[in-house]
There are 2 protein chains.
Amino acid sequence: MTLELKPVQALALWQDVVLETVRRDGPDLSSRQFAILLTVYLTSPPHTVRGLAGSLNVSKPAITRALDALGQLDLLKRKRDEADRRNVLVQRTVKGSVFLRDFADLVTSVAGRLEA
Amino acid sequence: MTLELKPVQALALWQDVVLETVRRDGPDLSSRQFAILLTVYLTSPPHTVRGLAGSLNVSKPAITRALDALGQLDLLKRKRDEADRRNVLVQRTVKGSVFLRDFADLVTSVAGRLEA
DNA sequence: CTAAACTGATCCGGGGCCGAAACGGATCTG
DNA sequence: CAGATCCGTTTCGGCCCCGGATCAGTTTAG
């Protein structure tokens, strides 16, 4: 079952979702932060700073800072790799899972009443 | 025809689209800027600073600055309201239309190969 | 015609994010 | 071992955004 989505529907969907997230006074993540969050939760581990930087085509310091911010929000956490202590493994948190599940529900809800 | 979209599909869709826009070195709009852009193009005129501020639940200076940025990118333009010269009418541009059409195509494309 | 009301823009102090470069710690290599 | 290499972090100067208060211009009310 492939997903049929016309251009005008795509824009309407995006508008409703973005508008809703802007109106709520939630965490207000940047595009990069959100991309990192989604990548960590949707692709298989391990996730390192260097790996994320390459995958997002972004500098390493940008990843470090984003991890600081996401860590402070408790949406993600760092853990030293005991096998190779140079590495830092980025891991999920309960709060992050809840956050993304809520977001997914928002999108599906908006999509549902899109073309009623 | 209503739109069926499961939570896991919603997240995958969002990830692919956000990842793609992060990787390209495009305009890199903030959430608010993007919300303004979508609102102006998808809802019926007129669009004023005050109206947008209320509709997005954001301060007026934030709207003014966002319009500065979007105007500099030529994605939107300002026009004094000749009927009531206190108002500023926010209007579309050709470049903005192209930008949003390209974005819509990206979303539909990603959605198409989502669950092939 | 003046005073009040309303519009959008600007000022201000504060905070976040940016990438290049330099840094300290861990690991590999010869 | 010591030197080179790899890792994530920190430093640095610079830029953009934030909202409350204030401003100048316009319109309305008395």
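We name chains A, B, ... by the order of the sequence lines, and we start the count at 1 in each one. What you see below is based on every heavy atom in this structure, not just the backbone, and it leaves out hydrogens, waters and symmetry mates.
- Taking the side-chain contact (heavy atoms from CB on, under 4.5 Å) definition, one finds that A/Ala104 meets it with B/Pro7, B/Leu11, sequence neighbours left out.
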All N/O pairs under 3.5 Å across the protein-nucleotides 21-23 of chain C interface:
none

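- Qualifying salt bridge (charged side-chain N to carboxylate O under 4.0 Å, His left out) partners for A/Arg101, counting only residues two or more places apart in sequence or in other chains: none.
- Here A/Gln33 lies in heavy-atom contact (under 4.0 Å) with sugar-phosphate atoms only.
- B/Lys79 meets the side-chain contact (heavy atoms from CB on, under 4.5 Å) test with B/Gln91; sequence neighbours excluded.
- For B/Gln72 and C/dA9, the CD to C1' distance is 16 Å, given to the nearest whole Å.
- On the nucleic acid side, DNA chain D has its first and last nucleotide under 4.0 Å of a heavy atom of chain A at D/dC6 to D/dT10, going 5' to 3'.
- Pairs of residues two or more places apart, or lying in two chains, that qualify as salt bridge (charged side-chain N to carboxylate O under 4.0 Å, His left out) and include a residue from residues 59-70 of chain A are A/Asp68-A/Arg78.
- Under the 4.5 Å side-chain criterion, counting only non-hydrogen atoms from C-beta, A/Ile36 is in contact with A/Ile63.
- Here A/Arg85 pairs with A/Glu82 under the side chain to side chain donor-acceptor pair (under 3.5 Å) rule; sequence neighbours left out.
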Scan the side chains in residues 45-59 of chain B for donor-acceptor partners under 3.5 Å anywhere in the protein, sequence neighbours excluded, and list what turns up.
from	atom 1	to	atom 2	distance (Å)
B/His47	NE2	B/Val40	O	3.4
B/His47	NE2	B/Thr43	O	2.9
B/Thr48	OG1	B/Gly51	N	3.0
B/Asn57	ND2	A/Arg23	O	3.4

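- B/Leu106 and B/Thr21 make their closest contact through CD2-CG2, 4.0 Å (heavy atoms, listed as atom of the first residue, atom of the second, distance).
- Two residues, B/Asn87 and B/Arg65, neighbour DNA chain C, and the one matched to the more 5' nucleotide by heavy-atom proximity is B/Asn87.
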Per-nucleotide protein contact string for nucleotides 24-30 of chain C (B base, S sugar-phosphate only, - none; heavy atom under 4.0 Å): -BBS---
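- Each of A/Ala69 and B/Ile63 lies near DNA chain C, and the nucleotide nearest B/Ile63 is the one positioned closer to the 5' end.
- Qualifying ring-ring contact (aromatic ring centres under 6.0 Å, His included) partners for A/Phe103, counting only residues two or more places apart in sequence or in other chains: A/Phe34, B/Trp14.
- Put simply, CG on B/Asp68 is 7 Å from P on C/dT10, counting in whole angstrom units.
- Not a single side chain to side chain donor-acceptor pair (under 3.5 Å) links A/Ser97 to another residue, sequence neighbours left out.
- When all heavy atoms are compared, the tightest approach of A/Leu73 to A/Pro27 is CD1-CB, 3.9 Å.
- The distance from atom CZ of B/Arg80 to atom C1' of C/dC6 is 12 Å, rounded to the nearest whole Å.
- Heavy-atom distances under 4.0 Å link DNA chain D to A/Thr48, A/Val49, A/Arg50 of residues 35-58 of chain A, given in residue order.
- Between A/Leu13 and B/Leu13, the shortest heavy-atom distance links the atoms CD2-CD2, 4.4 Å.
- Contact annotation: the side chain of B/Gln15 approaches that of A/Thr39 to within less than 4.5 Å [non-hydrogen atoms, C-beta and beyond].
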